[in-house]
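Convention: sequence-line order gives letters A, B, ...; per-chain numbering from 1. As a basis for the values below, the full set of heavy atoms in this structure was taken, side chains included, without hydrogen atoms, waters or symmetry mates.
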Amino acid sequence: MTNDSDNSQTINLTINGVAVAASAAMTLVEAAWHGGVPRVTAVSCLESVCGSCRVLLRRGKEVTVNLACQTFVEEGIEAVFLPPQVPPLHHYEIGDFTDGWNIQARFHEIFPEASHCRNCHGCVRSCPKGIDVEGAIALAAAGHFRDAGEAFLECVMCELCDSACPELIAPAHVGLFCRRITAHFHLRPPNLIYRLEEQRKEKAGLAAGESHYTISPFVKGGSR
Amino acid sequence: MSMINAMPLAQARALYRPDADIGPPPELADPLALLNAFHPDYVSSSVAKLAVGANAGDNCQRELAELLQAEAIIDEADLAGAPVTDTDVLIIGGGGAGCAAALAAAERGARVLLVTKLRLGDSNTVMAEGGIQVAIEPDDSIQRHIEDTLRGGHDIGNPALVAAMAEDGPDVIRWLIHEGMQFEQEPSGDLCTRRAGGMSAARIVHCRDYTGLEMMRVLREAVIQHRSIEVWEQSPAVELLSNEIGQKCVGAVFKSLADGRFRMVRTHSVILATGGLGRLHLNGFPTSNHLGATGDGLVLAYRMGARLRDLDSFQYHPTGLVYPPHLSGKLVTEGVRAAGAQMLNAAGQRFIDELLPRDIVSAAILRECQEGRGIRVDDGRVGVWLDTPRLERSQPGLLERQFPKLLARARVSGIDPRLDPLLIHPTLHYQNGGVVIDVNGATTVPGLYAVGEVAGGIHGRNRIMGNALLDIISFGRRAGVAATSQRDRGPKKVTLEHVNRARRELTLAGIPLTHEAPQILPDYAAKGIWNR
């Protein structure tokens, strides 16, 4: 499982233009800290779910993107931490939607570019989670919001696909729109609704501010 | 940790059999004795007494006490020429609690400014895997949720806060669904529930093992899209602002990571939603927390005069990864144990009931490691097995179906938990205590609210699974509403009077003003962040 002799091997690379001598098991984030690369503050969860540590990678002529916390150091690689994606140009508030029957029309008003996909695969190639972004956008454009949203289950909102899209579709935000309206319009769990209704009836029988629940007698140290 | 006796990893791996015959774990005769001997909260050398401030005389973890009794980063001279922004409600922190507070305040028509140290959504929320507790099953009740939470917290939680949170539960889920959050459903449409440590009924609702990610990306998007919420990223709070007599919180000062400049914000309501402090690595432990979790909110609130509580109580989650090294301290969700995974020592024996409260399970793992029954990796760190292959054998396909995040993360490192048991060790996970609040999230300082992990009193001395995600939305929304009820026209004057007061107290107590706080980032990640 582990082999520390690998870890003692020195790997030379550059991060944000700074030469760094790292050891083999380091991620690019660890290597940046180890090498004292200044101003690396686009780092947070360190387990590739927050999407902050967007990094551009150059290996010879090949250029790719990834998350720095899940990318290991390689000899000669040039890594550049990317600035955050600019806020989306597409605007909606979920409370604005009152009628599920016109949601396809609303989608195309909000995301008019989604039907302009030219199948360049930039979004697919840039996704650090291996999501079939392009296929999901086609599903969304055809109104299959549930399936499109499901494809984005592992999306970490790094917005690298947004950066990669020449049509400015903002695929990450399309994906999230699809997930959100699926829950907003279709998730109506009977067990939850039953308990909410029970609580509503109980509250109706109580004076304002009164609690239905007994507070346990064994309290020792609750301050206040 | 490196000096203790343990079996080398390769030897333990060779001995391990997913089909070995293993019996039940031994009875735990005396849980308190186990905690006293092995849990860091109970080891006296890790605790100090605070000398100044609202909690003078109280016990506090030593590393935190140093920060609470440190000098401020700024003084009046730093504020000369700093631009001032006015807002109705200022929220400090961009995780789940901060976003819930921002949305609740904005829904009531307030102008909201949310300022966060790193990026919006950078938080512990996004990593939460297990789920949210909400009492919705027919054999469950709000009352039982309250009782389980208080009991899990060793009966010192504030019952009024616990009752408020548990009662909010069903409406919190309704609100999250309204905002567009998905949850796992049964074919009947019911929300799936599962039971975890310390729970008397199945009560955890979830979205695969991505519950926190699903919640955070939905709330983040809702905040970005909201017309009356403005967001400043890369802007750590370095100090709060007080009125002329240092008795009311009227704003905060931020130092931008982008340009190094100070900015002041003036308001009548400040909501602290800054999260916990795992990145202080108390007692040398690894942590599951995100990089920004450095306890800044506790430091700012304490200097402002707010009362804190349970500062000697932290949660060490039993199952932090030991291997691979770059994921050291990162969590394997308790959901895996809830689904039936067992823990084994180097000899392949179970040593504790895996679904006892987290503090007891962690103490038992620390006992195995300290008494020589652990498994050692080459760099000297020690752990025990979490037996995922046996779970996979008993319920084929379960790991892939319910824990895709675990498999995806392991895959990047060339590990398959369906074949290899995971090496785990307790990891600093959660701040049980924090700023004293009432049911509206109001602290003991007028104008200052605290919500989420930075607040205390809900989880007593031990939080049970699924209550953190509920806590942040319940109290985030409560504080967001309460903060908009302030009717005054806002402060005339903003000062650092509270900083001057704190400095006088430190000097009188003979504490040298050599350290500055808040910490903002851990030292290993802070090199050159202000270089221009």
So, the part of A/His173 with a heavy atom under 4.5 Å from chain B: the answer is both
Between A/His90 and A/Glu113, do the side chains contain an N or O donor and an N or O acceptor separated by less than 3.5 Å? yes
Checking heavy atoms, do the side chain of B/Tyr524, its backbone, both or neither come under 4.5 Å from chain A? both
Heavy-atom proximity to chain A below 4.5 Å, by part of B/Ala10: neither
Please state whether the side chain, the backbone, both or neither of A/Glu150 comes within less than 4.5 Å of a heavy atom of chain B. side chain
Is a salt bridge present between B/Arg119 and A/Glu159, judged by a nitrogen-to-oxygen distance below 4.0 Å? yes
Is chain A contacted by the side chain of B/Arg220, its backbone, both, or neither, given a heavy-atom distance below 4.5 Å? side chain
Between B/Ile177, B/Val126, B/Leu120, B/Ile173, who has the most heavy-atom pairs with chain A when the cutoff is under 4.5 Å? B/Ile177
B/Tyr323 side chain near B/Ile375 side chain, heavy-atom distance below 4.5 Å: no
Which bit of A/Glu198 comes within less than 4.5 Å of chain B, counting heavy atoms only: side chain, backbone, both or neither? neither
Between the main-chain N or O of A/Gly17 and the side-chain N or O of A/Thr14, is there a donor-acceptor pair closer than 3.5 Å? no
Could you tell me which of B/Ala222, B/Ala408, B/Gly169, B/Gly292 has the largest number of non-hydrogen atom pairs under 4.5 Å with chain A? B/Ala222
For chain A, find which of B/Lys330, B/His290, B/Lys527 contributes the most heavy-atom pairs closer than 4.5 angstrom. B/Lys330
Sub-4.5 Å side-chain heavy-atom contact between B/Ile136 and B/Thr193: yes
Below 4.5 Å, heavy-atom pairs only: which of B/Gln185, B/Arg279, B/His226, B/Met181 has the largest tally toward chain A? B/His226
Which word best sums up how the rings of A/Phe107 and A/Phe177 line up, parallel for under 30°, tilted for 30 to 60°, or perpendicular for over 60°? tilted
Quick one, A/Ile94 and B/Glu179 - any side-chain contact, counting heavy atoms below 4.5 Å? yes
Side chain, backbone, both or neither of A/Phe72 within contact of chain B (heavy atoms, under 4.5 Å): side chain
Looking at every heavy atom in both A/Cys161 and A/Pro171, which two are closest together, and how far apart are they? SG-CB, 3.7 Å
With heavy-atom distances below 4.5 Å as the criterion, would you say the side chains of B/Pro159 and B/Ile146 are in contact? no
Can you tell which part of B/Glu186 gets under 4.5 Å to a heavy atom of chain A, answering side chain, backbone, both or neither? neither
Check whether B/Leu327 gets within reach of chain A through its side chain, its backbone, both or neither, counting any heavy atom under 4.5 Å. side chain
Quick one: which of B/Glu214, B/Met216, B/Glu107 has the most heavy-atom pairs under 4.5 Å with chain A, could you say? B/Glu214
Under a 4.5 Å cutoff for heavy-atom pairs, which residue among A/Val40, A/Val29, A/Leu153, A/Val43 has the most contacts with chain B? A/Leu153
If you measure from the Lys or Arg side-chain nitrogens to the Asp or Glu carboxylate oxygens, is any gap between A/Arg195 and B/Asp171 under 4.0 Å? no
Pick one of side chain, backbone, both or neither for A/Phe97, based on which atoms fall under 4.5 Å of a heavy atom in chain B. neither
Atom pair CG/SG of A/Leu160 and A/Cys165 - distance to nearest 0.5 Å: 13.0 Å
Portion of B/Gln225 that has a non-hydrogen atom of chain A nearer than 4.5 angstrom: both
Close side-chain approach of B/Pro325 and A/Glu30, heavy atoms under 4.5 Å: no
Does any non-hydrogen side-chain atom of A/Val174 lie less than 4.5 Å from one of A/Phe152? no
A/Cys155, part contacting chain B, at a heavy-atom distance under 4.5 Å: both
If one checks every heavy atom of A/Gln70 against chain B at 4.5 Å, the contacting part turns out to be both
Taking 4.0 angstrom as the limit, do B/Lys405 and A/Glu47 come out as a salt bridge? yes
Proximal component of B/Arg409, with respect to chain A [non-hydrogen, under 4.5 Å]: side chain
Chain B heavy atoms under 4.5 Å from A/Leu187: which part of the residue, side chain, backbone, both or neither? both
Examine whether an atom of A/Val156 lies under 4.5 Å from a heavy atom of chain B, and if so say whether it belongs to the side chain, the backbone or both; otherwise answer neither. both
Do you know which of B/Asp190, B/Asp122, B/Leu291 has the most heavy-atom pairs with chain A at a distance under 4.5 angstrom? B/Asp190
Under the criterion salt bridge (charged side-chain N to carboxylate O under 4.0 Å, His left out), I'd like the reasoning laid out for A/Glu109 against A/Arg106: C-alpha separation, chi angles, the key distance, then a yes or no. CA-CA 5 Å; A/Glu109 283 163 28; A/Arg106 296 300 306 274; 3.3 Å; yes
Among A/Met26, A/His34, A/His184, residue most engaged with chain B (heavy-atom pairs, under 4.5 Å): A/His184
Taking every non-hydrogen pair under 4.5 Å, which of A/Cys45, A/Ala42, A/Ala32, A/Cys50 racks up the most with chain B? A/Cys45
Cut-off 4.5 Å, heavy atoms of chain B, and the answer for A/Leu176 is side chain
Under a 4.0 Å N-O cut-off, is there an ion pair linking B/Glu184 with B/Arg208? yes
Report which part of A/Ile193 has an atom under 4.5 Å of a heavy atom belonging to chain B: side chain, backbone, both, or neither. neither
